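Everything below concerns the one structure shown next.
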Amino acid sequence: MAQERAKLDLNGTVVELPILDGVEGEKAIDISELRAKTSYITLDHGYANTGSCLSGVTFIDGEKGILRYRGIPIEELAVHSTFVETSYLLIHGKLPTQAERDEFSRALTKHAPLHEDVKHIFDGIPDETHPMAILSAMVSILSGFHPASLDPRQDEAQINENASQLLSKVRTIAAYIYKKSIGEPFIPPDDHLSYCANFLHMMFSKPKKDYPVDEDVVRALNLLLILHADHEQNCSTATVRLVGSSRTNLFASVAAGICALWGPWHGGANQEVMEMLERIHKSGKGVQEHIRVATDPKSPVRLSGFGHRVYKTYDPRAKVIKEACHRLVEKFGVHDPLLEIALKLEAAALKHEFFISRKLYPNVDFYSGIIYKLIGIPTNMFTVMFAIGRLPGWIAHWKEMRETKPPRIGRPRQIYIGNRKADYVDMKDRK
Ligand code: ACO
C-alpha cells in the first residue's frame with residue numbers, strides 16, 4: 001500500500017510530507033525535512049500538536065480514557081501487579097520471569113542503603129527547604145557516588161545498574177527527607193521487607209519501635225505508585241528525554257525531571273489539591289464559592305486536580321484511585337471531611353457548563369492526596385511520592401531516547417520577535 005502523504009501549499013509551492021501511523025491508529029505528519037526543503041519551521045505553543053519521538057513505552061487515548069504500559073491496561077496492573085514488577089515492565093519492555101523478578105528485587109535490596117557521606121549532606125540543608133528541592137539535588141549528587149554513570153558510552157548492563165540504584169535510593173532519600181524535616185534519626189532499610197513496606201518502615205519506624213506495616217496500606221501504596229509510573233511525553237518525562245539527549249547522565253536527567261514535576265500545573269497539583277480542600281474546609285464557605293472563583297475568567301485560580309492536556313474524559317487513573325480511596329476510608333473507619341468536600345467539588349464541577357464545555361475532568365491528583373493523608377504522609381511530601389512513582393517511566397524513556405537511531409540532541413527552534421539589528425550604545429549616551 002502506498003504511503004499516505006500530506007501536501008503543504010506554501011505560496012504556490014507544494015511540498016509533500018510523509019504521514020506516519022502509530023500501531024493504535026494515531027497519525028502524524030512527518031515534518032523532519034521541512035526546514036531543509038523550504039526554510040519554514042512550524043510553531044506549536046506548549047507542543048500541543050507536536051510528537052517529539054516514536055515511543056513503545058506507554059499508550060494513551062485521551063478521548064476514550066485508555067492508559068496502557070507496554071500494551072497492558074493500567075486497570076489490570078492495578079489489580080495484579082506490584083510497583084516493582086511494573087517498574088521492570090516499563091524499564092525492560094516485558095513482564096519479568098520469576099528469575100528476572102528475583103534478580104531485580106535483589107538489586108533493589110542491595111542498593112537501598114545510602115552512603116554515609118550522602119547522609120551528611122542532609123545536615124547542611126536549611127529546615128525550610130521544600131522536599132522536592134532536596135530530592136532533585138540529592139539525585140543529581142548520586143552521580144558523584146556512581147561515577148560510571150558519567151560515561152556517555154556506558155553499556156546496557158551499566159545503565160541497568162544505575163536504574164536499580166536510582167529506583168532503590170530515591171525511596172531511601174525520600175524517607176530521610178521526611179525524617180530530617182521532623183528532626184528524627186534516619187531509620188535504615190530492612191532487607192526483609194518489600195519495596196513499599198520498606199519505604200513505610202523507613203518513614204514511620206522510630207529507633208527501637210518498628211512501625212506495624214499494614215498489608216492494605218502496602219497495597220494502596222503499590223496501587224498509587226503503579227498508577228503514576230508512566231504517562232508518555234508529559235512535562236517531566238519530556239524534560240528527562242531532552243536533558244538526556246545532550247548525553248547527560250541518568251541521575252542528572254532525572255533530577256531535571258523532578259524539578260519539572262514540582263510545578264503546580266504538573267505533579268505539584270497533588271499538594272495544591274490538598275491545600276485547596278483544607279482551605280475550603282477551614283473557610284466554611286462551601287464548594288460553590290471555589291467553583292465560582294475557578295470559573296471566573298478574571299481570576300488566576302484553577303480547580304486543582306482537574307483538567308488534562310491529553311484526557312478529554314475521566315482520567316482512568318482517577319477512577320481507580322477514587323475507588324481505592326473509598327475502600328481505605330472504610331477500612332480505617334474514619335470520617336474524612338476533605339473526602340466529602342472533594343466528592344462535592346467533583347459533582348459540582350461535572351455539572352458546571354465551564355468544565356463541561358472545556359472537557360475538564362478529575363485527573364490523577366484529585367484523589368491521591370486523600371490516600372496519602374490516610375497513610376500518614378504529610379502534604380509537602382505528596383509530590384515526592386509522585387516522583388518515586390514516575391521514576392520507572394523516566395528511566396524507560398531515557399533508555400529509549402538513548403537507543404534512538406540516529407542519535408540527535410533535542411533542540412527546538414523559535415520565531416524571533418525581539419529588536420532588529422541595533423548598535424552598541426556607550427554608557428554616557430544611554431537613556
Ligand atoms: N480549573 C479551571 N479552569 C481550567 C482548568 C482548571 N483545573 N484547567 C483548564 N482550565 C481552563 C483554562 O483556563 C482554559 O480556559 P479558556 O479556554 O477559557 O482559556 C481551558 O480550560 C483550557 O486550558 P489550558 O490551560 O489551555 O489546557 P492545557 O492542556 O494547556 O493545561 C493543565 C492542562 C495544565 C493540566 C490544566 O488543566 C490545569 O492547570 N489543571 C490544574 C492543575 C492540575 O491539576 N495539574 C495536574 C495535571 S495531571 C499531571 O500533570 C500529573
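When a ligand or atom number is given, it counts from 1 through the structure's own listing order. All figures in this text were calculated on a predicted structure; none of them were measured in a lab.
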D127 vs S181, test: side chain to side chain donor-acceptor pair (under 3.5 Å). Steps then yes/no. CA-CA 6 Å; D127 288 344; S181 75; over 6 Å; no
Taking NZ, NE, NH1 and NH2 as the nitrogens, is one of them in D61 or R68 under 4.0 Å from a carboxylate oxygen of the other? no
Verify whether the ring centers belonging to H326 and Y367 lie closer than 6.0 Å. no
If you compare H228, H45, E272, R302 by their heavy atoms, the one closest to atom 31 (O) of ligand 1 turns out to be R302
Mind checking whether F354 has a heavy atom under 4.0 Å from ligand 1? yes
Contact between N234 and ligand 1, counting heavy atoms under 4.0 Å? no
Just to check, does G268 reach to within less than 4.0 Å of ligand 1 when the distance is taken from its heavy atoms? no
Side chain or backbone of P264 under 4.0 Å from ligand 1, or both, or neither, by non-hydrogen atoms? backbone
Decide if the gap between the ring center of F306 and the ring center of Y361 is smaller than 6.0 angstrom. no
K319/E75 salt bridge by N-O under 4.0 Å criterion: no
Contact check: H266 vs ligand 1, nitrogen or oxygen atoms, below 3.5 angstrom: yes
Is E184 salt-bridged to K206, cutoff N-O under 4.0 Å? yes
Does any N or O of ligand 1 fall below 3.5 Å from an N or O anywhere on K312, backbone included? no
Please report which non-hydrogen protein atom sits nearest to atom 35 (C) of ligand 1, along with the residue it belongs to and the distance in Å to one decimal place. G307 O, 3.7 Å
Check for me whether R106 meets the cation-pi criterion with F104, that is, NZ or CZ under 6.0 Å from the six-membered ring centre and within 45 degrees of the ring axis. no
Are H115 and H146 close enough that their ring centres sit under 6.0 Å apart? no
Distance flag for atom 43 (C) of ligand 1, protein heavy atom under 4.0 Å: yes
Taking distance alone, with no angle check, do F306 and ligand 1 share an N/O pair under 3.5 Å? yes
Short N-O contact, E272 and R302, less than 4.0 angstrom: no
What do you think, any protein heavy atom under 4.0 angstrom from atom 17 (O) of ligand 1? yes
Decide, yes or no, whether a salt bridge links D216 with R327 under the criterion of side-chain N to carboxylate O below 4.0 Å. no
Of the listed options R358, R309, R390, closest to atom 29 (O) of ligand 1 (non-hydrogen atoms): R309
Report the part of A269 in contact with ligand 1, treating N, CA, C, O as backbone and CB onward as side chain, heavy atoms under 4.0 Å; options are side chain, backbone, both, neither. side chain
Kindly say whether the aromatic ring centers of Y211 and H201 come within a distance under 6.0 Å. no
Below 4.0 angstrom, counting only protein heavy atoms, does anything approach atom 40 (N) of ligand 1? yes
The closest protein heavy-atom partner of atom 48 (S) of ligand 1 is H308 CD2, 3.6 Å
Ligand 1 to F386, heavy atom cutoff 4.0 Å, flagged ligand atoms 51 (C)
Strictly under 4.0 Å, does any heavy atom of G305 approach an atom of ligand 1? yes
Using a strict cut-off of 4.0 Å, indicate which atoms of ligand 1 neighbour a heavy atom of A294. 2 (C)
Proximity winner for atom 9 (C) of ligand 1, if only heavy atoms of L360, T295, D365, D296 are counted: L360
Strictly below 4.0 Å, N to O, side chains only: are K331 and D214 in salt-bridge contact? yes
May I ask you to identify the nearest protein heavy atom to atom 45 (N) of ligand 1, giving residue, atom name and distance to one decimal place in Å? W265 O, 3.1 Å
Euclidean distance, N234 CG relative to I60 CD1, rounded to 0.5 Å: 8.0 Å
Heavy-atom distance from atom 26 (O) of ligand 1 to the protein below 4.0 Å? no
Who's closest to atom 47 (C) of ligand 1 heavy-atom-wise, of L303, V301, D315, N363? N363
